[in-house]
Amino acid sequence: MTEIRLYNTRTRQKERFEPIDPANVRMYVCGPTVYDRAHLGNARPVVTFDVLYRLLKCLAKEKNWQKVTYVRNFTDVDDKINAAALKRKQAGDPRSLEELIRERTEETIGWYHADMDALGALRPGREPRATEFIGAMIAMIEDLIAKGHAYAAEGHVLFRVRSYKDYGALSGRSVDDMIAGARVEVAPFKEDPMDFVLWKPSDGDLPGWDSPWGRGRPGWHIECSAMSYELLGPSFDIHGGGIDLQFPHHENEIAQSCCAHPEGNFATIWMHNEMLLVEGKKMSKSLGNFFTVRDLLEQGVPGEVIRLVFLSTHYRSPMDWTDEKAREAKETLRTWFRLSQPEQPNPYGLHSVVPSLVNDLNTPEAIRGLHMLATHGEGAQLRAALDLLGLTPSSDWWCKGKEDRSEDGLMVGLGWSGNRSSDEIDLAWKLAFRWAGLRRDRNYPAADALRKAALLGGLELRATKNADADAEILDSFDLATLNGVELE
RNA sequence: GGCGAGUUGGCGGAGUGGUUACGCAGCGGAUUGCAAAUCCGUGUACAGGAGUUCGAUUCUCCUACUCGCCUCCA
């Protein structure tokens, strides 16, 4: 039986994975705050945990698990969302702030789905929105107050960090150490500087809900505790997210959940993906060095190429995004897709990747397995392995159009990828026949010169056994350059 | 300042107490009028220092450097 081993941030070691309840394997991943397009860094946990989700589903039968429940939230209550809506209102939009906020979050969720779909990520089974669980959050906060773990002060409710003895265990820090460095907000109504907000007051313009502490809105951390409890219960198997959420977000989630539901132990395994870097620096909002998934897609980088670049680095290592990696990944996928797509998947191919994946999602090693299958020409097995990893073509960009024509007794083949205009294809034919003619006449100097010039314009000419010439339109094909060639 | 992760061949990137992935690039060969493509072959790298060991890239300690968290962040 296949043993799954996963690195648990909480214990700092790889652990054998056994679900609490084989009838329902449960994982929760922190999702996006929906106020803008997802940047590339946002995509890393999505791809990482999508691989885990697919792996767990793939092994469910063998393991006798009845189902895998994957929950990923949308944070649709947040000051950044409010700010974005307020900006529109100030720009003269006549609608109410509430309507603008709703529109903004709806729109952003649509973008998020489209962009993550493009990366080959399966939608989680549940995608709860924070605003749908305000009641559950209020109930949880009331419970925390009743149990002495939280207190109300000046319209706020704060979590009493000192009341939870294991606070800091996940991230390996102590309350006293943190206060020493103290970069925490000093608020006069806090009992302790580390106490964090569960509920805060909203004034007239801001979205708010009635609560025992007046009209207000929840703090950031409580939503994940409330929603995971409602949908997965007091104990579940895996909790995931980016490493930057380890503190304070996940630490606070643990404190809230464990204090409110001492009968459970919240998440068994904590998994954190490392950051995505651009030019060696973390992609982040504050640095402003980010670009979105949509930006890349629009530049012609297919989603599965982005995905392969991500998978080529282990999820617990920082990954530097480079154009060079994208270029290599595209070439690799082109080869793999051409070999595998005509085939029906042969599940035997899974043996080439699953042993790597069950070892804490060792995707780089799994990729080696894919290369092995490709080298041995195992298209059907490769197909199955690619599908497991979510590397399925989103379009026919990799596909080779192929046509043969004869003219003046010459036989010439032309191939191209994706969509090409008839002008482009006509010109390619013209050059290919001219080259074939020159070669038939044994005018090699002219033929070589033409081939060289054509290549610079993105048309590759080559001799084949079965025809007089074979031409391929490359990605770099440029009509203007090649028109110049023809005139010479 | 506190805490954590990392430093592998030209580049990317796994892994291992002794047999040293994989990809790209390079080199050699087959093939080719020449190329391309393809196929075959080829590379003994693990930041520096000390220690443990029969033996360390792999374990321990120290140093240097890089990155992250401690503030919104995936």
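What you see below is based on every heavy atom in this structure, not just the backbone, and it leaves out hydrogens, waters and symmetry mates. Quick note on labels: first sequence line is chain A, next is B, and so on, each numbered from 1.
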(Q) Within the 4.0 Å heavy-atom criterion, would you say A:A447 contacts the bases, only the backbone, or no part of the nucleic acid? (A) nothing
Q.
Regarding A:K452, tell me which of base, sugar-phosphate or nothing describes its non-hydrogen contacts under 4.0 Å with the strands shown.
A. nothing
Q: Please work out if A:N362 contacts a base, only the sugar-phosphate, or nothing of the nucleic acid, heavy-atom cut-off 4.0 Å.
A: sugar-phosphate
Q) Hey, does the side chain of A:K465 come within less than 4.0 Å of B:rU32's phosphate (OP1/OP2), counting only N and O? A) no
Q | For B:rU42, the Watson-Crick or wobble partner whose two distances fall under 3.5 Å | A | B:rG26
Q) NA contact type, A:S171, heavy-atom cut-off 4.0 Å: base, sugar-phosphate, or nothing? A) sugar-phosphate
Q. Contact class for A:R442 vs. all strands (heavy atom < 4.0 Å): base, sugar-phosphate, or nothing?
A. nothing
Q. Which one, B:rA14, B:rC69, B:rA74, comes nearest to the side chain of A:E365?
A. B:rA14
Q) In terms of side-chain heavy atoms of A:I243, which of B:rG68, B:rC70, B:rG13 is nearest? A) B:rG68
Q. Does A:N359 make a side-chain donor-acceptor contact with the base of B:rG15, cut-off 3.5 Å?
A. no
Q. Do the side chains of A:N273 and A:R316 get nearer than 4.5 Å, heavy atoms only?
A. no
Q. Is the shortest heavy-atom distance from the side chain of A:D468 to the side chain of A:R439 under 4.5 Å?
A. no
Q.
Check this for me: A:Y444, atom OH, are more than 12 non-hydrogen atoms of other residues, nucleotides or ligands nearer than 6.0 Å?
A. yes
Q.
Can you work out whether A:D244 or A:R368 has the more 5'-proximal nearest nucleotide on RNA chain B?
A. A:R368
(Q) Quiz question: going by heavy-atom distance under 3.5 Å, is there a donor-acceptor pair between the base of B:rC34 and the side chain of A:R451? (A) yes
Q.
In whole Å, measure the gap between the P atoms of B:rG23 and B:rG1 for me.
A. 44 Å
Q: Under 4.0 Å between any heavy atoms, over every strand shown, what does A:Q246 touch: base, sugar-phosphate, or nothing? Just pick one.
A: nothing
Q: Return the 5'-most residue of the pair A:S312, A:H371 with respect to RNA chain B, ranking by each residue's nearest nucleotide.
A: A:S312
Q. Which part of the nucleic acid, if any, lies within reach of A:M283 when heavy atoms closer than 4.0 Å are counted: base, sugar-phosphate only, or nothing?
A. base
Q: Would you classify A:G172 as touching base, sugar-phosphate or nothing, given that sugar-phosphate means primed atoms plus P, OP1 and OP2, and contacts are heavy atoms under 4.0 Å?
A: sugar-phosphate
Q. Any side-chain heavy atom of A:H221 sitting closer than 4.5 Å to one from A:L198?
A. no
Q: For A:W321 and B:rG13, give me the distance from atom CH2 to atom C1', rounded to whole Å.
A: 16 Å
Q: Select one nucleotide: of B:rA14, B:rG23, B:rA74, the one nearest the side-chain heavy atoms of A:S317.
A: B:rA14
(Q) Under 4.0 Å from OP1 or OP2 of B:rG13: is there any side-chain N or O of A:T313 that close? (A) yes
Q: Searching all strands shown, indicate the nucleotide that pairs with B:rG51 (Watson-Crick or G-U wobble; both distances under 3.5 Å).
A: B:rC59
(Q) At 4.0 Å (heavy atoms only), tell me whether A:H314 reaches a base, stays on the sugar-phosphate, or touches nothing. (A) sugar-phosphate
Q.
For a quick test of reading the model: is some side-chain N or O of A:K282 closer than 4.0 Å to OP1 or OP2 of B:rC67?
A. no
